[in-house]
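In what follows, chains are A, B, ... by sequence order, proteins preceding strands, each numbered from 1. For the numbers below, each heavy atom of this structure counts, side chains included, while hydrogens, waters and symmetry mates do not.
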Number of protein chains: 2
Amino acid sequence: MSKVVVEVSPSVDGYIAGPGVAVGRPFGEAGTRLHRWMGEDGLPPTEADRDALDQMYATTRSVVIGRRMFDVGIDPWGEDGAFGLPVFVVTNRAGEDLVRGATTFTFVTDGAAHAVELAVVTAGDGDVMVAGGADVIQQCLAAGVVGEIRLHVVPVLLGAGTRLFARPLPDSIELEQTDHVATPLATHLTFRIAPSDHVVPATSRP
Amino acid sequence: MSKVVVEVSPSVDGYIAGPGVAVGRPFGEAGTRLHRWMGEDGLPPTEADRDALDQMYATTRSVVIGRRMFDVGIDPWGEDGAFGLPVFVVTNRAGEDLVRGATTFTFVTDGAAHAVELAVVTAGDGDVMVAGGADVIQQCLAAGVVGEIRLHVVPVLLGAGTRLFARPLPDSIELEQTDHVATPLATHLTFRIAPSDHVVPATSRP
């Protein structure tokens with residue numbers, strides 16, 4: 001069955017972007033620092049980092065992102081749309097699907113949980129990646145649709161920016177750490193959300 | 001030479017206490033959940049957790065804490081004051097030293113950095129532990145007096161409470177991860193602050 005997986009690269013102090021996020025500058029002043037482990041910052045990633053990146057996409061068949069992430073990212077993602085997968089964009093503004101190479105962006109106007117439902121159906125036996133931003137991740141956690149959280153914790157205190165966990169959750173959520181790999185560029189931590197806390201939307205059940 | 005080490009147990013979403021912190025309830029609604037890895041929650045810690053706890057106190061010769069942590073903790077710490085070490089309390093209210101068994105609480109009214117200076121002198125060749133709360137930890141980081149951060153990340157999303165990193169830092173701070181151990185109860189992560197970023201107060205130099 002599909003897993004819904006949050007994948008995100010926060011700093012040690014919990015920021016997923018620096019101050020000054022803008023169109024074409026998706027991480028603001030943090031630049032590509034938080035994605036150095038993916039090789040986006042000029043330094044070569046280690047083999048373990050590459051493995052974490054491969055694992056990220058190995059079973060992913062669809063992606064959920066927020067409108068803000070789409071707006072600031074669409075230019076840097078280039079002509080192929082970077083993901084090479086169906087991407088569901090949580091937004092208030094309806095729009096036609098946007099096709100960029102192998103990437104299709106579909107705009108979903110009735111909330112993050114519904115975007116996840118559509119993504120689960122599209123993923124078939126594959127997994128759904130909730131890739132950000134922070135608002136969409138928190139909406140998915142609050143809706144109980146997330147099964148796994150993969151944090152790629154980057155060894156820097158950014159000190160300011162966009163917080164991953166900016167808003168309170170309705171309840172605390174127990175996690176189980178199922179994997180951890182540390183490299184000089186990132187600490188890759190995988191947490192499973194206990195099944196009892198994990199509500200799968202009815203329409204996504206086979 | 002003395003190291004100044006921040007030791008703290010945040011949840012995955014970066015809270016070091018739940019909502020409702022009060023005198024005698026130092027972690028609020030989170031209860032002892034964040035200290036389960038220390039054996040304070042009725043469950044036995046693993047050997048690796050015990051090792052992390054032993055390491056925490058092995059070289060520590062003095063402690064710095066904030067007034068709020070003192071106020072909410074002093075009752076639960078009991079007649080021996082729990083630390084068994086000289087403890088410097090950052091406060092606006094001057095006061096006589098308070099002796100509880102092998103623990104001496106000294107009240108320092110001119111800021112966290114000065115409390116660290118006094119603690120460094122007292123520690124001799126040993127290390128200084130900055131044990132919280134969040135405000136004092138952030139003041140010490142902003143003042144550039146911290147050499148190492150040991151996070152014992154607890155696998156729970158608390159969803160609300162007291163944030164470890166509530167306030168912006170004046171600058172971002174690069175870290176180097178030097179150790180990591182994961183148990184079902186906590187992920188113990190050690191980060192060194194690059195020496196170039198680490199300003200030792202002049203009076204603490206031998």
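- Within the 4.5 angstrom heavy-atom criterion, only side-chain atoms of R33(A), from C-beta onward, approach chain B.
- The candidate from A160(B), G161(B), A182(B), P168(B) with the greatest count of non-hydrogen atom pairs under 4.5 Å with chain A is A182(B).
- Residue D54(B) qualifies as enclosed at atom CG: its count of foreign heavy atoms under 6.0 Å is above 12.
- Rounding to the nearest 0.5 Å places OG of S11(B) at 8.0 Å from CZ of F165(A).
- Between L169(A) and L157(B), the shortest heavy-atom distance links the atoms CD1-CB, 3.9 Å.
- Rounding to the nearest 0.5 angstrom, the gap separating the NE2 atom in H180(B) from the OG1 atom in T187(A) is 7.5 Å.
- Surrounding CG of D125(B) are at most 12 heavy atoms belonging to other residues, nucleotides or ligands under 6.0 Å away.
- Both the backbone and the side chain of V12(B) come within less than 4.5 Å of a heavy atom of chain A.
- Annotation: the span from D13(B) atom CG to R163(A) atom CZ amounts to 11.0 Å, rounded to 0.5 Å.
- Chain B forms more heavy-atom pairs under 4.5 Å with one residue of L164(A), L141(A), L175(A), T178(A) than with any other, namely L175(A).
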